[in-house]
Amino acid sequence: MANLYPEHLIEEIKQVNDIVEVLSDFLKLKKRGANYLALCPFHNEKTPSFSVSPSKQIYHCFGCGKGGNVYTFLMEHENLSFIEAVKYLAKRAGIELPRKEIPPEERSKYEQLYFANQVAKNFFIKQLWETDDGRKVLKYLKEKRGLSEETINQFELGFAPDAWDKLLNHAQTLKLSEVDLVKAGLAVEREDGSGYYDRFRRRLIFPILNFTGKPIAFGGRALSKEDRAKYINSPETDLYNKSRVLYGLNFSRPHIRKLEYTILVEGYMDLLALWQGGFQNVVASSGTAFTSEHARLISRYAPTAIMLFDSDQAGIMAAKRCAPHLMAAELDFKAVLLPEDEDPDSYLRNKGPEKMQEMIENAPSFPKFIYDTLRPPFEKLSARDKENVLMELVNVAAQSDSSIRRELFLKEASAIFDIALNSLKSELDRLMQKIRRTPKEEVKRSADATSQKIQLQILAVLIENMNLLEKALLEISEDDFSDQVIKEIYKKMQLLRSKNPSMDVSYLLNHISDPEQSRIISQASNMELGTSDTERLFSDLARRLRALNLENRRKKLISQIASAEKAGDLKRAEELTAELKDLTARFSSEEELTD
Ligand SMILES: [Zn+2]
């Protein structure tokens, strides 16, 4: 870990940033006993196995094994470097850090990408406010789209000028190379290899921010009808994973959590209009296909999603595409049906926020939405078209893992379309047969499972009560650990303890850089020990481990003696037999001691 800041400061920053509070900015945590549970952000799941311990100030996922402290979380979840995680938490707690800049040659891959995005964001903002062309766009935003300066500033809108190399040239003055910009998705290499050009040109720019407010990508909206693509977005980069990011979520998370539902819109402009109109629990899928990962992302903050799309065919199609994903994430969802020729932005400006609120509150269920948008109406459709409409709904229902939810959804459809529930259900059964997943492979158990389990338990006890580390020095040696990862952790713990007697598990995790080691530590620290007498438990486990090791050694010696005799090496056989005698003596004294 880079020692840019003194150790005590890093500890202090961690201590004033409660893990439950910090993680609540990213996850929906529910109190369960002494701990908090959430859906794991690191793997796909529908029932929460991600546990956060306020007393230990660590997290652990029982599903995928990820674990760590506030720093590790930010590093893994937000792709921050350690230094950036420290900076973020310091800022969050209002702690002033000594001013230090990371020299370019020491920046990590991620830091360099963040830097490139930051440079681009500032460049685009400056172009919007300080150039003639930019000011025209600004005027359009204010007068034609009704955006306030406050909104424009908060969302850090910018303008990409009508030129091929302005950003490239500007970046070079800050020692960013063309390759840096290509990696950040900001420049494109010419096909004939003769150089590079700016990806974003003559466009209104929407920075896409991660949860810590840093730009990781950009959306560019065309400013004239001549431009072929209405939207151009950054490609995926090491920072930007399209299916994990929703535009605006960094701002709307607290509002979504508070209001307990998410408004889902398509465009950047729709989002800004709603935000400014007081609807701040809103996210936009802008320019990317909405996926189940997106749905799971919003399900972490609220149980309900309201789709608010344009009233045209494209908007209806978008709602149809989103529905299966929302169902798969076990969200309750509805779709607002705007009057024809309206989009969220125009509706809000023409009718005002009260009407919009009414529309949202009275949003029909998804089956009702489908029924209402059918042209010609359902009753006038051919039998085949009717079947297609209903099968689409059955397919949406099939995405849920809950049979109750599936039935409730179909019941709604059955009432609205006036079709027997049983017909829908038998179609559902047929469909489910087809998509039924194969059962999970059974976890293979290793032959050393018992020893392994004891070693992990020993680690768990030592983590629970670090005062036992001194006792451990007397009762076991590091070679008693056959598990190399646990052995390394044990050595590290002894070393750290000698330096810092008040070490806790979070401190320990700060000094572990190997992800497998942190995984094992967080797993161990979440184990149920079943007793508060940790000292006794430790002695018991240590004895069992020693006995197991002796037994294994004994078995090995016996087979070695046999092969030595077979090979006629009597001297070797004799030596081994002596060793075996010695071992057996130790073995029985061990038994006596503990019985
Ligand atoms: Zn997980």
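Counting starts at 1 for both ligands and their atoms, in listed order. In this chain, residues are counted from 1 in sequence order.
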Hey, can you pull the donor-acceptor pairs under 3.5 Å for the side chains in residues 485-496, sequence neighbours left out?
residue: Lys487; atom: NZ; partner: Asp479; partner atom: OD1; Å: 3.1
residue: Glu488; atom: OE2; partner: Lys491; partner atom: NZ; Å: 3.4
residue: Tyr490; atom: OH; partner: Gln494; partner atom: NE2; Å: 3.0
residue: Lys492; atom: NZ; partner: His511; partner atom: O; Å: 3.0
residue: Gln494; atom: NE2; partner: Leu469; partner atom: O; Å: 3.0

Worksheet item: Between Lys56 and Glu464, is the closest basic N to carboxylate O distance under 4.0 Å?
Response: yes
Worksheet item: Around the Zn ion (ligand 1), what protein N, O or S atoms are found below 2.8 Å?
Response: Cys40 SG, His43 ND1, Cys61 SG, Cys64 SG
Discussion item. For Phe155 and Tyr268, I'd like to know if the aromatic rings sit close, meaning centre-to-centre distance below 6.0 Å.
Written reply: no
Fill in: Salt bridge Glu78-Lys214, side-chain N to carboxylate O under 4.0 Å
no
Worksheet, complete the sentence: Residues at least two apart in sequence or cross-chain that pass salt bridge (Lys or Arg N to Asp or Glu O under 4.0 Å) with Arg405, listed by chain then number, are Glu330, Asp332
Worksheet item: Who pairs with Phe538 by ring pair (Phe, Tyr, Trp, His ring centres under 6.0 Å), at least two apart in sequence or on another chain?
Response: none
